[in-house]
Novice: 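Before anything else, here's the structure in question.
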Amino acid sequence: MIQRSPSVGPEETDLARRVRLMSMERWGERRETVLVGRHESMLALQERVHRFAQATAPVLVTGETGTGKELFARAIYLLGPRARKPFFSVNCAQYTESQLIASELFGHKRGSFTGAFEDHRGVFVEADGGVVFLDEVGELTLPAQAMLLRVLSEGELVPVGDTRVRSVNVRVIAATNRDLRGLVAQGRFREDLLFRLRYLQLHVPPLRDRGADWQLMLEHYVHRLNGDTGQERRFSEASLERLGTYFWPGNVRELRAVVETSHSLCGAAVIEPGTFEEQLERDASSHAPTAAPAFGMPMAAAPAPGGAAALLNRMTGGAETFWDLVHEPFMDRELNRGQVRAVVEEGLRRSNWSYKRALQVFGIQQDDYLKFMDFLRHHRLKPER
């Protein structure tokens with residue numbers, strides 16, 4: 001049974017504390033994995049995480065967008081026997097072309113398609129012995145699904161354009177906010193792959209179903225921001241009362257955004273409802289029921305030019321770089337494609353539309369020019385003029 005740890009506060013269980021400390025040892029503070037919550041549904045979820053971590057079968061993590069599915073995937077990895085082996089996270093929705101996602105996951109031979117200038121090993125070969133987390137697995141193309149099924153059933157793969165079979169030993173954790181059964185009925189997801197993935201299933205409940213856990217999470221993010229900025233902030237009783245009636249359609253991701261925006265905009269020590277009320281109304285409106293978007297989750301709007309400019313000013317200040325402020329948040333799905341394009345476009349505008357001159361604006365070393373350009377091309381992030 002999962003126990004709460006008296007030494008770290010009521011919001012953290014013994015298991016959550018282990019996961020947090022192991023994540024900091026493995027990845028450092030930037031990828032600290034924090035499982036906040038004491039609602040009975042979260043305690044039951046942590047119990048399943050503990051049990052699933054010791055197994056070898058694939059895990060399917062389901063839940064609405066923004067519930068923190070990757071955190072639980074990381075926890076399964078950290079608590080399992082593969083914790084000293086590689087962990088790769090791939091957002092399947094970022095790849096719309098069949099060859100690109102197949103290449104990213106399973107590798108390719110030089111010359112196998114346009115742009116394949118050299119051999120590429122692929123995520124599954126790089127992760128051999130470890131764990132691969134496939135977020136938004138429902139967005140995989142059918143050819144990529146067939147290749148994934150072969151990995152799961154036979155432990156082998158054939159890179160794009162190659163004929164040689166390679167053996168790999170990788171545990172797969174997949175996540176989705178889609179109804180995979182519905183996709184099977186539409187012919188967009190393989191039923192045999194669904195059977196393989198759902199051996200062990202973990203459902204992350206929405207924030208509105210976790211009781212008072214929203215307030216524990218809010219306090220966690222406020223505490224972290226206070227330490228990072230050196231500015232002490234807290235939400236007033238009126239603010240907490242207002243937030244307590246909100247239904248959090250964007251779940252934990254939305255709550256974190258509200259805290260970070262309020263902490264930044266508030267000029268006083270106490271955050272009042274007026275600081276975030278407009279943001280709540282805008283978010284609630286954007287999550288109103290509509291026809292399902294192409295990739296199963298609404299995309300956040302691109303940042304206002306001031307937001308892109310603020311990021312660039314931090315890069316040109318020398319303390320942080322494009323890799324810290326844009327690349328890593330994009331790969332962690334904290335920034336979307338439109339937001340990254342806005343930053344890139346603003347940097348190019350300041351550099352007279354020269355990518356090489358823009359390196360200095362972005363705090364990127366000249367030696368990383370090709371890496372930078374490959375990142376933009378691979379994820380279709382080059383702005384249009």
Novice: Is E47 salt-bridged to R51, cutoff N-O under 4.0 Å?
Specialist: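 Counted as a salt bridge, because a side-chain N and a carboxylate O are separated by less than 4.0 Å.
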Novice: Taking the side chain as everything from C-beta on, heavy atoms only, tell me whether R74 gets closer than 4.5 Å to M22.
Specialist: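 Sidechains of M22 and R74: no contact.
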Novice: Inspect the surroundings of CD in E278 and state if more than 12 heavy atoms from other residues, nucleotides or ligands are less than 6.0 Å away.
Specialist: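 It does not: E278 CD has 12 such atoms or fewer within range.
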Novice: Is any side-chain heavy atom of F88 closer than 4.5 Å to a side-chain heavy atom of F124?
Specialist: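 With C-beta onward as the side chain, the pair stays apart.
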Novice: For R234, is there an ion pair with E219 - N to carboxylate O distance below 4.0 angstrom?
Specialist: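 Looking at R234 together with E219, the answer is no, because their closest N to O distance does not fall below 4.0 Å.
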Novice: Yes or no on side chain to side chain donor-acceptor pair (under 3.5 Å) for T13 and Q46, after CA distance, side-chain angles and deciding distance?
Specialist: CA-CA 9 Å; T13 63; Q46 290 184 34; 2.5 Å; yes
Novice: Salt bridge (Lys or Arg N to Asp or Glu O under 4.0 Å), that's the test. Do E345 and R349 meet it? Break it down for me.
Specialist: CA-CA 6 Å; E345 183 172 356; R349 188 187 62 78; over 6 Å; no
Novice: Is any side-chain N of the basic residue among R178 and E136 closer than 4.0 Å to the acidic one's carboxylate O?
Specialist: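 Between E136 and R178 there is no salt bridge, as every charged N stays at least 4.0 Å from the carboxylate O atoms.
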Novice: Answer yes or no: are there more than 12 heavy-atom neighbours, outside R357 itself, under 6.0 Å from its atom CZ?
Specialist: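 Enclosed: over 12 neighbouring heavy atoms sit under 6.0 Å from CZ of R357.
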Novice: Salt-bridge test for R20 and E25: reply yes if a basic N is under 4.0 Å from a carboxylate O, no otherwise.
Specialist: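 Salt bridge flag = no for E25 with R20.
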Novice: Given salt bridge (Lys or Arg N to Asp or Glu O under 4.0 Å), test E328 with R31 step by step and report yes or no.
Specialist: CA-CA 10 Å; E328 185 171 335; R31 293 191 71 187; 5.6 Å; no
Novice: CD of E241: more than 12 outside heavy atoms within 6.0 angstrom?
Specialist: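 Check fails, neighbour count at 12 or below.
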Novice: Which of parallel (below 30°), tilted (30 to 60°) and perpendicular (above 60°) describes F330 and F375?
Specialist: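 Plane angle over 60°, so perpendicular.
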Novice: Inspect the contact between R17 and E12 and indicate whether a charged nitrogen and a carboxylate oxygen are less than 4.0 angstrom apart.
Specialist: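 Result for this pair is no, no salt bridge flagged.
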Novice: Does a side-chain N-to-carboxylate-O contact under 4.0 Å join R181 and E191?
Specialist: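 Between E191 and R181 there is a salt bridge, with a charged N closer than 4.0 Å to a carboxylate O.
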Novice: If the plane angle is over 60° it's perpendicular, under 30° parallel, otherwise tilted; pick one for Y77 and W27.
Specialist: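 Taking W27 first and then Y77, their aromatic rings lie parallel (interplane angle under 30°).
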Novice: To the nearest 0.5 Å, what is the distance between CZ (R253) and OG1 (T67)?
Specialist: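 Separation between the atoms: 8.0 Å.
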Novice: State whether E156 and R166 are salt-bridged, where the test is any N-O pair (Lys NZ or Arg NE/NH1/NH2 against Asp/Glu carboxylate O) under 4.0 Å.
Specialist: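 Result for this pair is no, no salt bridge flagged.
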Novice: Does F72 reach the side chain of V204, with side-chain heavy atoms less than 4.5 Å apart?
Specialist: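 Side chain of F72 against side chain of V204, heavy atoms only: contact under 4.5 Å found.
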Novice: For residues 263-274, which residue pairs qualify under side chain to side chain donor-acceptor pair (under 3.5 Å), counting only residues two or more places apart or in two chains?
Specialist: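 For residues 263-274: N226-H263, S236-E272.
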Novice: What I'd like to find out is whether the side chain of L45 reaches to under 4.5 Å of the side chain of P205, using heavy atoms alone.
Specialist: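 Answer yes - side chains close enough.
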